[in-house]
Protein chains: 2
Amino acid sequence: MSDLEASAPAPRRGRPGYDRDQILGVAVEVFIELGYDATSVAALAERLGLSKSALYHHFASKEELLSVALDEALGALEGVLRESGASRATAGERLGYVLERAVRVLVEKLPYVTLLLRVRGNSDVERRALERRRAFDHEVTGLVRAAQTEGSVRADIDASVATRLIFGMVNSIVEWYRPAGSESAADLASDVMTVALDGLRTR
Amino acid sequence: MSDLEASAPAPRRGRPGYDRDQILGVAVEVFIELGYDATSVAALAERLGLSKSALYHHFASKEELLSVALDEALGALEGVLRESGASRATAGERLGYVLERAVRVLVEKLPYVTLLLRVRGNSDVERRALERRRAFDHEVTGLVRAAQTEGSVRADIDASVATRLIFGMVNSIVEWYRPAGSESAADLASDVMTVALDGLRTR
DNA sequence: GTCTATAAAGAGATAGAC
DNA sequence: GTCTATCTCTTTATAGAC
């Protein structure tokens, strides 16, 4: 987001020599494996091959790691909503765009979004993240409601319930999808769109 | 499960006088609010209005509370699968039964299932629970595959992916559904079946 | 940018009285 | 069935040297 030059493939020095992004990436991995609360700073340092003090040199606290990671995920999701407005005429089209792009953000930022989806509001940092998630969901619900009025989405289910069910499906992807497997992000997005729009039943 | 007589509405004595079930119920509430790892035994005792020692009189450890709670959820889900076999001819019918009953178990045992769905395998107790969840998912995937062969479920999506998407949707219910609200469990189950089988799109 | 050493608080669990 | 007091270990975080 705020990087003006650093799009290079990251130096990767001999052994230590970590920068903030590299440390953040490893920390998020460990947070996901053990859970944020169950992850001690000692465990993070060990995984990095660093002492705790070296880690505290880069981040002021365990919570700052969490905060920066959550911001990465939220920024990307909010970006999808921002882009959906321009040059799309109907609510149905905008909703389709948001769904498909949200799946891709989930895959591209898998660890960050995974962490976001596990946050429960246990601290100020977590509560602020939940607030931004709620705002996102609220905007999508508005899109679903508009699509119902328009006639492109079935109106016999409450917009809020429909949104929650569909995004429940989308978000659950972080529980099992691994980019290494046989299914590409494009296949996955296509499957999600099919099930969400047309369901499982044969016709 | 092993209660031979105690189906009475629970005594509810003057102030303390807790039994295991009452303590378990409160503990599960707190585990969900704060997360299991972030919940200290002191916090549990405080919520119960008891000392830590009184709590340890009922349960040998914090982990025993978790273990009993997870068993409650898993037992109910496994029961759904057990019942689905008898007297239903096609895989499509069995799958429909499992979906609808799973939603109802989620609602009836909401706190226990919520806790189950947040387990990440951080200890032997958690890993055993995950193993049982995997076995459940595997059986449902088999049902989906049979329904595809039969022709009642669309075959252009991998059975494993379809199962994960649909159960992702079902499981996400624990994130937002509250029995007190306007939507009954029957309405919810009906909405889930509609979206899962026919999708959001109008026709 | 990294280290060792340590402070200060909180964790899970137990002893033993009532 | 509940209590107070305490043990021991681990936690987050800091001090200060290299």
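Just so it is clear, the values below take in all heavy atoms, side chains as well, and ignore hydrogens, waters and symmetry mates.
- Rounded to whole Å, the distance from CZ on Phe59(A) to C1' on dT2(C) is 16 Å.
- Within a 6.0 Å radius of CD in Glu33(A), more than 12 heavy atoms belonging to other residues, nucleotides or ligands are found.
- Between Arg127(B) and Asp124(B) a salt bridge is recorded (basic side-chain N to carboxylate O distance below 4.0 Å).
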Can you name the atoms? Protein N/O to nucleotides 16-18 of chain D N/O, anything below 3.5 Å, with the distance.
none

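- Protein atom CG of Leu50(A) is 11 Å distant from nucleotide atom P of dG1(C), rounded to whole Å.
- The side chain of Ser61(B) sits closest to dA13(C) out of dA13(C), dT12(D), dT2(C).
- For Ala76(B) against Val105(B), the heavy-atom pair with the smallest separation is CB-CG1, 3.7 Å.
- For the pair Tyr18(B) OH and dC3(D) C1', the interatomic distance rounds to 15 Å; values are reported in whole Å.
- The distance between atom OH of Tyr56(B) and atom C1' of dT4(D), rounded to the nearest whole Å, is 16 Å.
- Heavy atoms of Ser51(A) sit under 4.0 angstrom from at least one base atom.
- Computed from coordinates, the Lys52(B) NZ to dA5(D) P distance equals 13 Å when rounded to whole Å.
- Straight-line distance from the NZ atom of Lys62(A) to the P atom of dA13(D): 8 Å, rounded to whole Å.
- Side chains of Glu83(A) and Tyr97(A): a donor on one and an acceptor on the other come within 3.5 Å.
- Annotation for Ser172(B) and Met169(B): closest pair OG-O, 2.7 Å, computed over non-hydrogen atoms.
- If you measure from atom CD of Gln22(B) to atom C1' of dG1(D), you get 13 Å, rounded to the nearest angstrom.
- DNA chain D is contacted by both Thr39(A) and His57(B); His57(B) maps to the nucleotide lying nearer its 5′ end (nearest heavy atom per residue).
- Counting only heavy atoms from C-beta on, His58(B) has its side chain closest to dG1(D) among dT12(D), dT2(C), dG1(D).
- OP1 or OP2 of dG10(C) has not a single side-chain nitrogen or oxygen of Ser40(B) nearer than 4.0 Å.
- A salt bridge links Arg104(A) with Glu100(A); the closest basic N to acidic carboxylate O contact falls under 4.0 Å.
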- Task: Start with the C-alpha distance between Arg120(B) and Glu175(A), add both sets of side-chain angles, then the distance that settles salt bridge (Lys or Arg N to Asp or Glu O under 4.0 Å), and finish with yes or no.
- Result: CA-CA 10 Å; Arg120(B) 302 294 158 195; Glu175(A) 305 288 335; 2.6 Å; yes

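- The distance between atom CG of Leu55(A) and atom P of dA15(D), rounded to the nearest whole Å, is 17 Å.
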